[in-house]
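Below is one structure, written out as structure tokens; the observations come after it.
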Amino acid sequence: MKRLKIKDILLNSKIGETIIAKGWVRTKRGSKNVNFIALNDGSTIHNLQIVADVSIFDESLLHEITTGAALSVTGKLTESAGGGQKIELIAETIELLGAADPDKFPIQSKRHTMEFLRENAHLRFRTNTFGAIFRIRHAMAFAIHKYFNEKGFNYLHTPIITGSDAEGAGQMFRVSTLDPKNPALTENGEIDYNEDFFGKPTNLTVSGQLEGELGALALGEIYTFGPTFRAENSNTTRHLSEFWMIEPEMAFYDLKDNMDLAEEFLKSLIKYALENCIDDLQFLASRLKQEEKSKPQDQRSMDLIEKLEFVLNNDFIRITYTEAIKILINSKPYKKKKFQFPVEWGVDLQSEHERYLVEKHFNCPVILTDYPKGIKAFYMKQNDDGKTVGAMDVLFPQIGEIIGGSQREENLEKLETRMKEMNIPSEEMWWYLDTRRYGSVEHSGFGLGFERFILFVTGMGNIRDVIAFPRTPKNAEF
RNA sequence: UCCCUAGUAGCUCAGUUGGUUAGAGCGGCGGACUGUUAAUCCGUAGGUCGUAGGUUCAAGUCCUACCUGGGGAGCCA
């Protein structure tokens with residue numbers, strides 16, 4: 001007899017069949033004659049109810065069936081006599097695969113705080129919430145590859161270790177094999193990187209974009225999907241030191257093509273989640289609703305599934321940075337001096353401004369384009385007005401910037417001038433500039449923060465709860 | 001990094017203007033119960049009050065420093 005997964009048992013198995021199920025005990029309830037065991041094997045949010053007649057099992061065995069224990073159960077499927085489920089398994093044999101000392105096992109069959117579960121990240125997979133989150137996370141990773149594959153994009157593996165410090169996306173983690181206590185020194189007493197593993201200073205990547213462009217300008221369309229590292233001392237609900245990023249890069253795409261792709265891409269992922277993860281989404285939605293009950297009426301947000309459907313069925317608002325500034329200057333909070341930070345053309349928008357636009361003014365995802373060149377990266381396409389660049393940021397309610405992208409500057413001269421202005425060492429970037437020397441074409445790309453997107457789909461509030469083992473300043477446990 | 005806030009039983013929390021032996025619910029354990037749904041009922045054990053100093057006759061409670069968590073801001077995806 002073959003072991004069946006609980007998902008398949010609940011979906012396909014027939015009343016009267018004798019089967020084997022294996023999994024972990026969520027709860028056990030008992031009375032004099034019969035014990036009920038909720039068994040979960042991670043294949044679905046739903047549990048299989050095991051019915052154990054007390055008279056046919058050893059008392060010591062039943063005693064060891066506690067929350068967290070692993071069991072193998074053989075029995076016959078029957079229509080459930082109780083109300084909570086359609087079918088249940090009448091146990092004939094129960095094998096205790098692994099006990100879980102009830103005095104020590106930290107996960108109880110009750111609500112735990114997210115903080116407590118974060119400290120028990122090795123066991124939190126065994127809760128309904130984290131089971132749902134990680135099944136959805138997997139489904140979204142799969143849907144990303146599926147989407148790009150179907151569009152003819154090539155998955156490009158850009159390096160994790162980079163010798164370039166010109167990516168300009170923030171503080172980097174150094175990669176070195178030098179002895180930190182006694183590093184090789186030059187005659188001047190400085191660290192001699194010639195003696196280091198790669199013969200030069202190296203770091204963990206903060207973006208695969210520059211290498212991605214090299215691939216796109218030959219393969220046509222590529223995407224990367226890999227870990228990204230930022231050594232910034234950020235302590236927020238939306239930042240990780242190690243996170244996953246998806247970076248498509250497309251030849252012959254202008255800014256509008258780029259936006260169209262970003263919007264279609266995000267919607268296809270949401271659609272996939274609604275079509276394939278509805279059980280888990282419904283669980284998270286009801287969990288969220290429970291949590292919202294403690295909040296004041298005006299701070300409650302839309303139902304999770306309604307929110308996903310709303311984003312799926314509505315066009316993203318597309319406006320330029322310049323138009324956004326006008327809207328902000330005419331806004332109530334601006335006139336009442338409620339904004340903490342100034343609003344004027346040329347300064348970067350603060351999250352209070354983005355939140356106003358997305359959550360109050362439009363109440364819809366917004367794509368902001370054509371930012372002042374002074375606040376954006378060197379590689380962005382310089383517009384004809386001489387003041388702005390072809391950038392685009394996709395802003396989502398509650399989360400803020402979920403995608404940052406741009407059309408890339410393909411003109412060698414303009415790019416070199418801009419690099420000089422921004423003190424970017426162009427000698428080190430010879431390989432990047434070569435793409436503009438030989439057969440340069442217009443191209444575009446963007447970066448999607450995977451965990452930020454998972455936050456949106458799951459409705460979770462803290463980015464540390466949508467990655468298995470979060471790395472943040474002062475925390476690299478597990 | 002800055003601002004705010006918290007740290008008391010395995011978990012979630014209460015603990016009054018400083019005052020005797022620090023409490024509750026859940027969980028655990030023991031028992032009861034004809035099918036439960038986070039079962040229910042009765043009983044029971046369980047504490048270096050984050051750490052180190054200080055003030056005081058007396059500190060869980062006040063002060064200082066540090067550590068850790070949470071929320072917000074900045075940096076960004």
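These values consider heavy atoms only, across backbone and side chains, with no hydrogens, waters or symmetry-generated copies. Each chain gets a letter, A, B and so on, in the order the sequences are listed, and its residues count up from 1. On a predicted model such as this, the values are computed, not experimentally measured, just so you know.
- The OG atom of A:S241 sits 11.0 Å away from atom CZ of A:R230, with the distance rounded to the nearest 0.5 Å.
- By the 30° and 60° cut-offs, the orientation of the rings of A:H145 relative to A:Y223 is tilted.
- Side chain A:S234 to base B:rC76: no donor-acceptor pair is found below 3.5 Å.
- A:F116 comes within 4.0 angstrom of sugar-phosphate atoms only, judged by non-hydrogen atoms across all strands, and of no base.
- Annotation: A:Y253 is not in aromatic contact with A:H443 [ring centroid separation under 6.0 Å not met].
- Taking atom C1' in both B:rU55 and B:rA38, the straight-line distance is 47 Å, to the nearest Å.
- The aromatic ring of A:F450 is not stacked on the base of B:rA77, since the criterion of ring centres less than 5.5 Å apart with planes inclined by under 30° is not met.
- Rounded to an integer number of Å, the gap from A:R124 CZ to B:rC11 C1' is 17 Å.
- With P as the reference atom, B:rU44 and B:rA6 are 35 Å apart, rounded to whole Å.
- The separation of B:rU36 from B:rG69, taken at their P atoms, amounts to 45 Å, rounded to a whole angstrom.
- The distance from atom CG of A:D348 to atom P of B:rA77 is 10 Å, rounded to the nearest whole Å.
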Between A:S60 and A:H63, does a side chain to side chain donor-acceptor pair (under 3.5 Å) hold up when you go through it step by step? CA-CA 5 Å; A:S60 63; A:H63 190 76; over 6 Å; no
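- Between A:M140 and A:F453, the closest side-chain pair of non-hydrogen atoms falls below 4.5 Å.
- Spacing of P atoms, B:rU40 relative to B:rG10, comes out at 23 Å, to the nearest Å.
- Under the 3.5 Å distance criterion, with hydrogens and angles disregarded, a donor-acceptor pair is assigned to the side chains of A:N233 and A:N235.
- Between A:Y147 and A:F265, the ring planes lie tilted relative to each other; the angle falls in the 30° to 60° range.
- Whole-Å rounding puts the A:R355 CZ to B:rG74 P distance at 10 Å.
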If you apply the rule side chain to side chain contact (heavy atoms under 4.5 Å, CB included), what do you find for A:K28 with A:T66, and how did you get there? CA-CA 7 Å; A:K28 186 181 72 168; A:T66 56; 5.7 Å; no
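- One can place CZ of A:F229 at 16 Å from C1' of B:rC76, the figure rounded to the nearest angstrom.
- Here the P atom of nucleotide B:rG71 and the CD atom of A:E291 are 11 Å apart, to the nearest Å.
- Between the side chain of A:T202 and the backbone N or O of A:V175, at least one donor-acceptor pair lies under 3.5 Å.
- Annotation: B:rG31 and B:rC13 have their P atoms spaced 33 Å apart (nearest Å).
- The CD-P distance, from A:E247 to B:rC76, rounds to 15 Å in whole Å.
- For the side-chain contact (heavy atoms from CB on, under 4.5 Å) with A:T458, the lone residue among A:L284, A:L288, A:T129 that qualifies is A:L284.
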Interface polar pairs with nucleotides 66-70 of chain B, N/O, under 3.5 angstrom:
from	atom 1	to	atom 2	distance (Å)
B:rG70	OP1	A:R118	NH1	2.5

If you restrict it to nitrogen or oxygen atoms, what contacts under 3.5 Å exist between nucleotides 35-42 of chain B and the protein, and what is each distance?
from	atom 1	to	atom 2	distance (Å)
B:rG35	OP1	A:S31	OG	2.5
B:rG35	N1	A:E88	OE2	2.7
B:rG35	N2	A:A81	N	3.4
B:rG35	N2	A:G82	N	3.3
B:rG35	N2	A:E88	OE1	2.5
B:rG35	N2	A:E88	OE2	2.7
B:rU36	O2'	A:R29	NE	3.3
B:rU36	O2	A:R29	NE	2.7
B:rU36	O2	A:R29	NH2	3.1
B:rU36	N3	A:Q49	OE1	3.0
B:rU36	N3	A:Q49	NE2	2.9
B:rU36	O4	A:Q49	NE2	2.5
B:rU36	O4	A:Q85	NE2	3.1
B:rU37	O4'	A:R29	NE	3.3
B:rU37	O2	A:Q85	OE1	3.2
B:rU37	N3	A:Q85	OE1	3.2
B:rU37	N3	A:Q85	NE2	3.3
B:rU37	O4	A:G83	N	2.7
B:rU37	O4	A:G84	N	3.2
B:rU37	O4	A:Q85	NE2	3.3
B:rA39	OP2	A:T27	OG1	3.4
B:rA39	OP2	A:R29	NH1	2.7
B:rA39	N6	A:G30	O	2.9

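- Across the interface with RNA chain B, nearest-nucleotide mapping of A:E59 and A:T113 shows A:T113 to be the residue nearer the 5′ end.
- Counting any heavy atom pair closer than 4.0 Å across all strands shown, A:I403 reaches sugar-phosphate atoms only and no base atom.
- Positionally, the nearest nucleotide of RNA chain B for A:Q350 lies more toward the 5' end than for the other of A:S241 and A:Q350.
- Straight-line distance from the CZ atom of A:F339 to the C1' atom of B:rA73: 15 Å, rounded to whole Å.
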For RNA chain B, what dot-bracket results from Watson-Crick or G-U pairs at under 3.5 Å, with [ ] for crossers and | for inter-strand partners? (((((((..((((.....[...)))).(((((.......))))).....(((((..]....))))))))))))....
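- For A:T236 and B:rC76, the shortest distance from a side-chain N or O to OP1 or OP2 is not below 4.0 Å.
- Relative orientation of the A:F148 and A:F153 rings is tilted, given thresholds of 30° and 60° on the angle between their planes.
- With hydrogens and angles left out, the side chain of A:H112 and the base of B:rC11 share no donor-acceptor pair within 3.5 Å.
- Distance check on atom C1': B:rG47 versus B:rU1 gives 37 Å, rounded to whole Å.
- The aromatic rings of A:Y272 and A:F142 lie tilted to each other, with the angle between the two planes from 30° to 60°.
- Identified under the side-chain hydrogen bond (donor to acceptor under 3.5 Å, both in side chains) test for residues 82-102 of chain A, with sequence neighbours left out: A:Q49-A:E88, A:T74-A:T93, A:S80-A:Q85, A:S80-A:E88.
- Nucleotides B:rC4 and B:rU16 have their P atoms positioned 24 Å apart, rounded to a whole Å.
- Legend: ring pair (Phe, Tyr, Trp, His ring centres under 6.0 Å) pairs involving residues 459-478 of chain A, not counting sequence neighbours, sorted by first then second residue: A:H122-A:F478, A:F125-A:F469, A:F469-A:F478.
- Ring pair A:F378/A:Y432 is perpendicular by interplanar angle, where above 60° counts as perpendicular and below 30° as parallel.
- Comparing B:rU12 with B:rG70, their P atoms sit 13 Å apart, to the nearest whole Å.
- We find that CD of A:E401 is positioned 12 Å from P of B:rG74, with the value rounded to whole Å.
- Put simply, the side chain of A:R137 gets close to the backbone of A:V466: a donor and an acceptor are under 3.5 Å apart.
- Less than 4.0 Å separates RNA chain B from at least one heavy atom of each of the following residues of residues 98-108 of chain A: A:P102, A:D103, A:Q108.
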